[in-house]
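Residues take their numbers from the sequence shown, with the count starting at 1. Being a predicted model, the structure only gives us computed values, none of them experimental.
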Amino acid sequence: MSQVINQKMAQIINDYISGLKCCLEDLSQQHIGEIAAIIYDAYRRGNQVFLIGNGGSAATASHLACDLIKRAVVEGKPRLRVISLTDNLAIITAIANDIDYSKIFVEQLANLLNEGDVVIGLSVSGNSPNVL
């Protein structure tokens with residue numbers, strides 16, 4: 001029995017790694033460069049970057065915000081202003097309950113968004129209406 005489980009686990013791990021390799025091979029260096037340029041331009045102008053997403057993409061938005069906040073620091077230079085709108089559960093659930101779930105990001109942005117700010121929506125399916 002243990003050998004069967006180990007074989008199944010090995011196959012699951014193999015499939016996962018193969019899937020990651022395919023994803024990485026499909027990434028466009030040009031598109032990544034364009035996104036980086038948009039973020040850098042916002043930084044130079046002193047604008048903010050907002051990140052949004054649902055489910056696993058919400059976690060990715062939160063993680064990316066964390067990485068940008070702590071890793072994009074140059075001593076003596078202004079810091080990149082990044083906010084993940086997925087991180088305040090009280091606001092999200094209040095908007096979902098009192099207004100509509102489809103408005104959980106747009107209502108937050110109505111309070112925070114300024115001209116020149118950047119909003120990055122993350123969606124694995126590409127079909128999340130509140131992100132689109």
Side-chain angles (χ1 to χ4, degrees):
M1 176 94 166
S2 178
Q3 187 175 0
V4 171
I5 292 173
N6 287 338
Q7 288 173 346
K8 286 183 180 182
M9 185 59 71
Q11 186 60 50
I12 290 169
I13 293 167
N14 228 10
D15 291 347
Y16 181 76
I17 291 170
S18 293
L20 287 176
K21 286 179 182 177
C22 286
C23 286
L24 290 172
E25 289 170 0
D26 286 346
L27 288 176
S28 163
Q29 289 185 8
Q30 178 180 345
H31 287 134
I32 293 169
E34 290 169 359
I35 293 166
I38 290 168
I39 293 170
Y40 183 70
D41 286 344
Y43 163 76
R44 286 184 328 153
R45 293 188 312 267
N47 290 104
Q48 298 180 100
V49 175
F50 297 96
L51 299 158
I52 62 174
N54 296 303
S57 296
T60 300
S62 183
H63 188 158
L64 179 55
C66 178
D67 285 348
L68 290 172
I69 288 168
K70 69 177 184 166
R71 302 298 290 164
V73 175
V74 177
E75 192 172 328
K77 300 275 187 179
R79 292 179 177 233
L80 179 61
R81 298 169 54 212
V82 182
I83 299 173
S84 171
L85 298 182
T86 64
D87 289 344
N88 191 323
L89 193 54
I91 291 174
I92 290 171
T93 57
I95 293 169
N97 184 62
D98 298 340
I99 301 172
D100 189 81
Y101 185 81
S102 67
K103 306 285 187 195
I104 63 170
F105 300 124
V106 73
E107 287 295 322
Q108 291 182 76
L109 289 169
N111 290 357
L112 302 170
L113 192 65
N114 292 305
E115 188 173 329
D117 287 345
V118 174
V119 178
I120 299 174
L122 303 170
S123 173
V124 171
S125 70
N127 296 319
S128 297
N130 65 336
V131 173
L132 297 175

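Counting non-hydrogen atoms of neighbouring residues, nucleotides and ligands closer than 6.0 angstrom, the CD atom of Gln7 exceeds 12 such neighbours. Residue-environment remark: OH (Tyr40) stays at or below the threshold of 12 foreign heavy atoms within 6.0 Å.
For Ser28, the side-chain contact (heavy atoms from CB on, under 4.5 Å) test picks out Gln30, His31, with sequence neighbours left out.
Contact between Gly53 and Ala58 at its shortest, heavy atoms only, is O-CB, 3.2 Å. Closest heavy-atom contact between Asp117 and Leu112: OD2-O, 3.9 Å.
With rounding to the nearest 0.5 Å, the separation of CD1 in Ile120 from OG in Ser84 is 11.0 Å. Distance check: Tyr43 OH to Arg81 CZ gives 12.0 Å after rounding to the nearest 0.5 Å. Between the OG1 atom of Thr86 and the CD1 atom of Ile104 there is a distance of 9.0 Å, given to the nearest 0.5 Å. Here the straight-line distance linking atom CG of Asn54 with atom CZ of Phe105 works out to 5.0 Å at 0.5 Å rounding. Taking CZ from Arg79 and CD1 from Ile69, the interatomic distance works out to 9.5 Å, rounded to the nearest 0.5 Å. Rounded to the nearest 0.5 angstrom, Leu80 CG and Gln48 CD are separated by 10.0 Å.
The hydrophobic clustering, which links ILVMFWY residues whose side-chain heavy atoms are closer than 4.5 Å, places Ile52 and Ile83 together. The hydrophobic cluster containing Ile91 also contains Val119, counting ILVMFWY residues as joined when their side-chain heavy atoms lie under 4.5 angstrom apart, directly or transitively. No continuous path of ILVMFWY side-chain contacts below 4.5 Å connects Leu68 to Val73, so the two sit in separate hydrophobic clusters. Phe50 and Leu132 fall into different hydrophobic clusters, where Ile, Leu, Val, Met, Phe, Trp and Tyr side chains are chained together by heavy-atom contacts under 4.5 Å.
At a threshold of 4.5 Å between non-hydrogen side-chain atoms, the residues Leu51 and Val82 count as touching. Side-chain contact between Ile32 and Leu27: present, with at least one pair of heavy atoms (C-beta onward) separated by less than 4.5 Å. At least one side-chain heavy atom of Leu85 sits less than 4.5 Å from a side-chain heavy atom of Leu109. Residues Asn47 and Val118 form no side-chain contact, since every pair of their non-hydrogen atoms from C-beta on lies 4.5 Å or further apart.
Checking Ser102 against Asn130 by side-chain atom types alone, no donor-acceptor pair falls below 3.5 Å.
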(request) Go through Asn111 and Gln108 one step at a time and tell me if the side-chain contact (heavy atoms from CB on, under 4.5 Å) criterion holds. (result) CA-CA 6 Å; Asn111 290 357; Gln108 291 182 76; over 6 Å; no
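Ion pairing of Lys103 with Asp100 is absent here, as no side-chain N (NZ or NE/NH1/NH2) approaches a carboxylate O to less than 4.0 Å.
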